[in-house]
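Right, one structure below, let's go through it.
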Amino acid sequence: MRLRTLLAGLTILLTGTALPAQIIGDVLGVHSFGPGTKSPIVGARPDSCAYCHAPHSGLNRGLWNQKLTTQVYTLYSSKSEVNKGNQPILGSDSNQCLSCHDGTVAVGNTVAYGQVMTTGTMNTWDVFGSTLQSSHPFSMRPLQDSVDLFESLTSTGKTHDPTGAVKLIQGDVECTSCHNPHVQAKDLVSLNFLVTDSSSGQMCLDCHDPTRQKGGQVNPLADWPTSAHAMATAVKISPSALLGSYNTVAGAACIACHTPHNANGPARLLRGQNEQDCIACHNGANVSPMKPYANVFSEYDTSKSKVGHPFPASTNPHEATEDTLLNNNRHATCVDCHNGHGSEVVDVFPIPPLIRVSQKNIAGINASNGINVLTPAINQYDNCLRCHGNSTGKQKMPIYGYFPMRAVALSDSLNLIPQFATSAISSHPVMHGRTSTLPQPSLLATMLDIYGNPKGRVMGTQILCTDCHNSDDNREFGGGGPNGPHGSIYPHILEHRYEFSQAVTPGDTIIKTYPGPDLTVFGPYGLCAKCHDLSILQTSSSSWSGHSEHISTLGISCSACHTAHGNVAGAGPISGERLVNFDLNVVAPNGVPVSYNQSTNSCVLVCHKAAHNPGGGVTKVAARGPVVKK
């Protein structure tokens, strides 16, 4: 009688006028196994309900008829998870579903009727096997409260769904919390037996709460509703991206990056591990129309000789629970600098040193001590200091180009905190405003864009790390590419050329010289020319009198005499003003340690086969290096 009533009800749903607007077509969909169905499996029995239910002699729960699986599963696990799943209870909703979907029990292996003859096989993506690491956790007994979950889940056992379609099963998440096995098309786009329309992440957001605040804890989903991924309604996803059913990024929402089943990442249900998850869209091929500045992975195009931040090896992937200060864990995944749940499109570039909204809700390190964590980062450099501050294990990687060896240097020459600190004798104004009392005659009123036009930012009291380390075609300074240090054709991920002089032997014949150079942003001093009028350096009385000869005649780079970040020198023979700190790969001592005196504007050293003497004179010296054949 119950079976007859159920079938009659299904007939009404299929043919009656009471059909809900969101349900069309065959209600059971591919779960209808009778002859003539569209399921990949077709059975001999015409009564589709009988494959799962029996009116008599079924198992206790729901008149269940399919033989139950006894498989033991490897369940989802993550270092950041609050709720840990348990093995499903025999006869529970999830156990019933897995009796087909783990592949250990044949479809139609019934309790009441024995094995019903079937032909065909299940789709491979519907068979989960014994490893459920890549599927959403379930059977989380008891369900624990978390800052990114609605409080009602544990306080009242209710989800945020006002219709009650998305529900907890006996206070827990089970397969039937999200899936209704009797109706395939309540969501007309995602035909996956969802209990309700899940476009724009609605089903996920019935349990996961981006707005919740709890005891000062950081909600990893904060600001999702206003994020770029939630708002990208004009961006369509190509089927080749394999990102699910919805055709826009905003429509796919959560499942653009995560998948509830068959995830590729080891944790957090990511479609791809770390940056691979982002590449699916941000490669310029799988979404349209994609703004050029969103095509981030064009900045890693080796065919264009571009070099970017290093992706992690399989031995050091990003982990949500890793320390913000990345000690001995060198990697630069997208999520080290961007929060996919909160990042917004940059419409207006704020003045330095504030972080851009494209990095909204990302963590950083306090520059005052290089240890304390800032969540979120306030200034752009806070985030950079995760790797470029007090962290241990930093490396000078050859792919980024030449590294000078400074006459006065820290034991950790890659630690930028003391180089930019207020205690530095001189520095570029990144972590604090300008403090030097010396005149700056060459400083431009407005930074130049990548084409040399004065259309960049008005020169303020501070600059950003990305004013120098930036994509060579970045949008902020006139190009069409992404902003930030993603990748560049120039060494050290620099926006413009910054040539480094080197010597065969320190003090001897200099290689990489550029006599009579182009002093614009296209020349060998292009990066410096973005902010400085280099012609003034050659003529101004407040500048060093030897600049003209060293630049125009000899073509020696700025790097031979100046450090680019900041100067901790001052206690030794180099005064440290004006970023003067010689490269010992280029210069050599002249009887005494290499020195510079700002008050007399003189140095004592040997360079380009010329001895700069204590008295101020210059004498030629014999070549000491090997003969260079040309």
Side-chain angles (χ1 to χ4, degrees), residues 401-409 413 425-426 442 491-492 497-519 523-529 532 534 537-540 542-630:
Y402 171 76
F403 283 86
M405 183 173 69
R406 296 300 169 191
V408 179
S413 61
I425 303 302
S426 59
S442 68
H492 300 286
R497 288 176 66 186
Y498 182 72
E499 300 294 345
F500 294 89
S501 290
Q502 299 169 54
V504 176
T505 300
D508 210 348
T509 304
I510 291 180
I511 58 176
K512 287 197 173 182
T513 59
Y514 302 89
D518 177 358
L519 297 181
Y525 310 125
L527 187 66
C528 303
H532 295 273
L534 300 185
L537 291 177
Q538 300 187 89
T539 59
S540 174
S542 63
S543 181
W544 180 45
S545 59
H547 265 146
S548 180
E549 180 184 6
H550 282 76
I551 294 174
S552 296
T553 304
L554 299 173
I556 298 175
S557 75
C558 306
S559 171
C561 302
H562 300 276
T563 182
H565 293 134
N567 208 338
V568 297
I574 296 178
S575 62
E577 288 90 353
R578 296 197 183 279
L579 297 176
V580 173
N581 196 348
F582 300 99
D583 182 359
L584 293 185
N585 291 329
V586 178
V587 308
N590 183 14
V592 295
V594 171
S595 65
Y596 168 74
N597 188 304
Q598 191 274 329
S599 62
T600 61
N601 238 339
S602 62
C603 54
V604 178
L605 49 79
V606 177
C607 185
H608 54 90
K609 293 188 291 184
H612 296 254
N613 301 314
V618 178
T619 56
K620 292 292 183 181
V621 297
R624 296 177 298 156
V627 176
V628 180
K629 294 182 180 180
K630 298 184 178 179

Main-chain N/O of Gly576 paired with Ser426 side-chain donor or acceptor, under 3.5 Å:
yes

Any donor-acceptor pair under 3.5 Å linking the side chain of Asp583 with the backbone of Met405?
yes

Closest heavy-atom contact between Ala503 and Asn585?
CB-O, 3.6 Å

Under 4.5 Å between any side-chain heavy atoms of Tyr498 and Cys528, yes or no?
yes

Quick one: closest heavy-atom pair of Pro593 and Pro573, and the distance?
CB-CG, 4.1 Å

Distance in Å, Ser413 OG paired with His565 NE2, rounded so as to fall on 0.5 Å steps
11.0 Å

Check whether any side-chain N or O of Arg497 sits under 3.5 Å from a backbone N or O of Pro491 as a donor-acceptor pair, and report yes or no.
no

Taking every heavy atom of Tyr525 against every heavy atom of Ser557, the minimum-distance pair comes out as CE2-CA, 3.6 Å

On a heavy-atom basis, the closest approach of His562 and Arg406 is O-NH2, 3.0 Å

Hydrogens and angles aside, do Tyr514 and Glu499 bring a side-chain donor and acceptor to less than 3.5 Å of each other?
yes

Any side-chain heavy atom of Pro517 within less than 4.5 Å of one from Ile551?
yes

Go through the steps to decide whether Ile510 and Gln502 satisfy the test side-chain contact (heavy atoms from CB on, under 4.5 Å), and finish with yes or no.
CA-CA 6 Å; Ile510 291 180; Gln502 299 169 54; over 6 Å; no

Could you tell me if the side chain of Trp544 sits less than 4.5 Å from the side chain of His550, heavy atoms only?
yes

Quick one: does Asn613's side chain have a donor or acceptor within less than 3.5 Å of a partner on Gly615's backbone?
no

Got a second to check how far Leu537's CG is from Ser442's OG, nearest 0.5 Å?
4.5 Å

Evaluate the ring planes of Tyr596 and Phe582, with Trp represented by its six-membered ring, and classify them as parallel (under 30°), tilted (30 to 60°) or perpendicular (over 60°).
perpendicular

To the nearest 0.5 Å, what is the distance between CD1 (Ile425) and CD (Glu577)?
7.0 Å

Residue pair Asp518 / Pro524: nearest heavy atoms and the distance that separates them
O-CD, 3.6 Å

Spacing of OG1 belonging to Thr509 relative to NE2 belonging to His608, to within rounding of 0.5 Å
11.5 Å

Partners meeting ring-ring contact (aromatic ring centres under 6.0 Å, His included) with His492 (sequence neighbours left out)
Phe403, Phe500

Determine whether a donor-acceptor pair (N or O, by modelled atom type, separation under 3.5 Å) exists between the side chain of Asn590 and the backbone of His612.
yes

Would you check if the side chain of Asn567 reaches a backbone N or O of Val580 as a donor-acceptor pair within less than 3.5 Å?
yes

Backbone N/O of Ala407 and side chain of Asn581: donor-acceptor pair under 3.5 Å
yes

Val504 vs Ile511, test: side-chain contact (heavy atoms from CB on, under 4.5 Å). Steps then yes/no.
CA-CA 7 Å; Val504 176; Ile511 58 176; 4.1 Å; yes

pair Cys607-Val586: side-chain heavy atoms closer than 4.5 Å
yes

Contact summary for Val606 and Val621, nearest pair of heavy atoms:
CG1-CG2, 4.1 Å

